[in-house]
Amino acid sequence: MILTLNILLWVLAASLTVPVAVVVIESLLAACTRTAASVPATRVEALSAARPSVAVLIPAHNEELAIAQTVQGVRAQLQPTDRLVVIADNCTDRTAELARQAGAHVLERQNPTQRGKGYALAFGIEYLRSAPPAVVVLLDADTQIQPGTIDALARQASVENRPVQAIYLLRAPANAGPRAYLSSFAFLVKNLVRPLGLSRLGVGCVLTGSGIAMPWDIIAGAPLASGNIVEDMQLGIDLAIAGRSPRLCAPALVTGQLPQDDQVARKQRKRWEHGHLQTLMHQVPRLAWAGVRQARLELVSMALDLAVPPLTLLCMLWAGGTVLAFAAALTGAAWGPIQWLLIVGLSLFVGIMIAWARFARAQVPLRMLLALPFYLLWKIPLYVAYLFKREKEWVRTQRGHLPVASSLPAASLAASSSPVPQINLLGMRLVRLREADCVAHIMGEVSSGRGGWVITPNLDILRRYVQDAEFRALADEADLRVADGMPLVWASRLQRTPLPERVAGSSMIFTLSAAAAQRNRSVFLLGGAPGTAQAAAEELRRRWPSLKVAGTYCPPMGFEDNPAEMENLTAAVISARPDIVFVGLGAPKQERLIKKLRTLLPGAWWLGIGVSFSFVTGDVKRAPRWLQKIGLEWVHRLCQEPRRLARRYLIDGLPFAMRLLGVSAWRGLRGKSQSSATLSD
């Protein structure tokens with residue numbers, strides 16, 4: 001039994017060693033490249049060759065937000081004999097109109113049963129057959145090309161008479177959190193670092209997306225018309241087996257931007273990585289066998305490169321394998337596999353850090369890499385879904401700030417008659433809205449004369465909700481419950497009912513005040529330490545001079561048991577007649593007070609915000625924004641007030657967090673997570 005276990009552990013260690021070794025070797029070779037233009041694939045001959053005629057094809061499905069900018073950027077690099085063709089594929093927006101206005105020739109295609117980039121490109125190739133160019137360049141509609149990119153791609157494709165791939169990178173959007181930066185870095189390793197390493201060996205690369213150039217005789221016979229969700233990767237493999245392995249064109253650079261919307265980013269990553277895994281499972285053996293049959297070492301090398309799973313999945317597999325080997329060693333198995341796996345993990349860490357230091361240091365701050373464990377947690381449901389609900393069809397990535405299906409757009413939420421979407425987390429129903437949506441909803445309700453109550457549950461409030469029946473009944477009376485805690489957001493994603501973002505009361509006091517100032521609505525600040533509410537009101541007025549502060553009130557300790565104090569407090573709030581009341585007393589005291597007072601002001605909205613008045617005044621410093629985004633704000637708070645918060649965070653909070661995440665992961669794995677509910681249920 002032990003012998004069999006030892007053999008299995010060594011097999012596990014060996015299976016992880018191969019992809020890690022590939023990544024490390026490619027990273028080292030890429031780091032040794034002096035400049036991007038010095039790799040073998042970009043010969044002086046290609047760079048100095050005569051410029052062939054070019055046709056640029058841009059497939060576009062509902063790309064009205066980006067198409068004009070993309071077309072203008074391409075036109076600036078074209079010669080008079082070149083052509084620029086946009087294929088408006090199954091569009092229902094103004095893509096075709098805006099592309100024409102920007103100067104492109106537009107082909108409009110309508111075929112709802114054959115959707116996807118491959119079908120659109122095949123349609124464009126058929127159009128070009130009557131007067132074919134020397135080289136065809138393929139670009140995505142939401143990307144931008146750097147100066148000289150079209151020339152470099154066209155010349156290298158013509159000289160080498162094979163497909164070439166530009167360096168294609170995705171940047172993190174403005175004000176992005178660690179997750180976007182880590183996604184951008186993983187993309188850079190896959191599309192820049194590793195292909196550069198292969199180029200140093202003279203080995204071809206897979207096609208990675210936007211920025212592909214092919215001579216006409218190759219693309220005219222290429223199998224483009226497919227609905228493959230990673231059609232570029234599949235096309236590159238087919239061409240390599242046919243003897244036309246793609247090469248990297250390092251001087252050519254194409255850039256895009258990761259989606260700002262978390263739901264859109266998740267869908268995009270799901271399509272890419274599920275497609276990568278499907279290709280890995282089915283095409284690596286085919287590519288390796290073709291290399292053996294054709295006696296081409298290049299194909300075997302490409303198969304090894306393609307066999308490397310996505311970087312985050314590789315890290316997960318190593319971590320899981322190491323834990324498994326360690327547990328087996330404690331039960332009597334050999335310690336050799338765990339020692340070897342530690343060496344493999346160290347090598348992977350060194351390879352990743354070399355890639356970061358050489359290629360990503362200017363774009364990805366080092367502190368963002370510290371969020372890797374939380375990024376891996378975000379990716380777990382994506383890989384679990386590969387086993388149970390695999391992405392099999394092409395789905396367009398939404399651009400910009402377009403609304404996603406799980407959330408109503410902020411501009412129309414307040415006026416919509418649709419019920420507000422919710423999810424169920426350990427029995428608590430949380431609204432599935434962004435902060436901007438919540439603010440729009442509240443302000444719309446205020447304008448209509450309808451009041452309401454917002455609760456912002458964090459992990460501690462959710463624990464109280466689960467364990468305290470009285471508080472549960474109290475919280476259930478609120479009109480909106482939004483997740484003010486990253487563990488709740490993580491749990492929602494694990495059970496496959498993802499919340500779009502954290503919505504913190506400490507943030508909503510600012511956004512609601514800004515909206516109130518804009519719409520001439522009044523606010524009232526109730527609670528806080530002596531003098532804090534008044535100081536917070538002054539700070540809010542300093543930021544938004546037009547803000548109407550109807551009043552402030554700081555009740556003394558024990559006010560809830562003193563009838564006279566309760567009468568004074570009630571009179572102060574009622575006489576002020578505010579539109580929005582911020583209550584900073586902490587849970588459950590603030591919730592109990594809101595329940596008593598809200599019926600006296602039926603047109604006002606009430607929001608319990610805990611210690612947020614002190615955040616406004618600066619008496620209590622909030623954690624840095626990057627720490628908030630990775631869910632470690634509680635560590636910052638614990639360091640500030642260890643005596644008061646140690647029990648809440650460490651003794652009560654951590655065990656409950658493990659329970660919450662475990663239950664949510666189990667629900668997600670079983671596929672029995674509840675679908676979104678609504679307030680009308």
Between Thr511, Val482, Thr456, which is the residue that forms a side-chain contact (heavy atoms from CB on, under 4.5 Å) with Cys438?
Val482
Can you see which heavy atom on [X] is nearest to which on [Y], and at what distance?
| X | Y | answer |
| --- | --- | --- |
| Trp544 | Ala517 | CB-CB, 3.8 Å |
| Leu430 | Pro457 | CD2-CG, 3.9 Å |
| Ala550 | Phe524 | C-CD1, 4.2 Å |
| Val573 | Pro578 | O-CD, 3.4 Å |
| Ser447 | Arg519 | OG-NH1, 4.3 Å |
| Leu661 | Trp490 | CD2-CB, 4.0 Å |

Counting only N and O atoms by type, is there a donor-acceptor contact under 3.5 Å from the side chain of [X] to the main-chain atoms of [Y]?
| X | Y | answer |
| --- | --- | --- |
| Tyr465 | Gly427 | yes |
| Gln495 | Asn424 | yes |
| Thr70 | Thr143 | yes |
| Asp579 | Arg521 | no |
| Glu567 | Pro563 | no |
| Arg432 | Pro498 | yes |

Nearest 0.5 Å, what's the [atom1]-[atom2] distance between [X] and [Y]?
| X | Y | atom1 | atom2 | value |
| --- | --- | --- | --- | --- |
| Ile580 | Leu607 | CD1 | CG | 9.0 Å |
| Arg464 | Asn458 | CZ | CG | 9.5 Å |
| Asp140 | Glu63 | CG | CD | 8.5 Å |
| Leu601 | Thr570 | CG | OG1 | 10.0 Å |

Indicate whether the side chain of Asn62 and that of Thr92 have a donor and an acceptor atom separated by less than 3.5 Å.
yes
Distance-only polar pair, side chains of Gln363 and Ser184, donor-acceptor under 3.5 Å
no
Heavy-atom neighbours of [X] [atom1] exceed 12 at 6.0 Å:
| X | atom1 | answer |
| --- | --- | --- |
| Gln101 | CD | yes |
| Gln146 | CD | yes |
| Arg472 | CZ | yes |

Is it true that [X] and [Y] make a salt bridge, defined as a side-chain N closer than 4.0 Å to a carboxylate O?
| X | Y | result |
| --- | --- | --- |
| Glu591 | Lys595 | no |
| Arg541 | Glu538 | no |
| Asp479 | Arg598 | yes |
| Glu560 | Arg592 | no |

Parallel, tilted or perpendicular, as decided by the 30° and 60° cut-offs, for the rings of His441 and Trp605
perpendicular
Leu525 and Val616, any side-chain heavy atoms less than 4.5 Å apart:
no
Taking the six-membered ring for Trp, are Tyr168 and Phe187 ring centroids under 6.0 Å apart?
yes
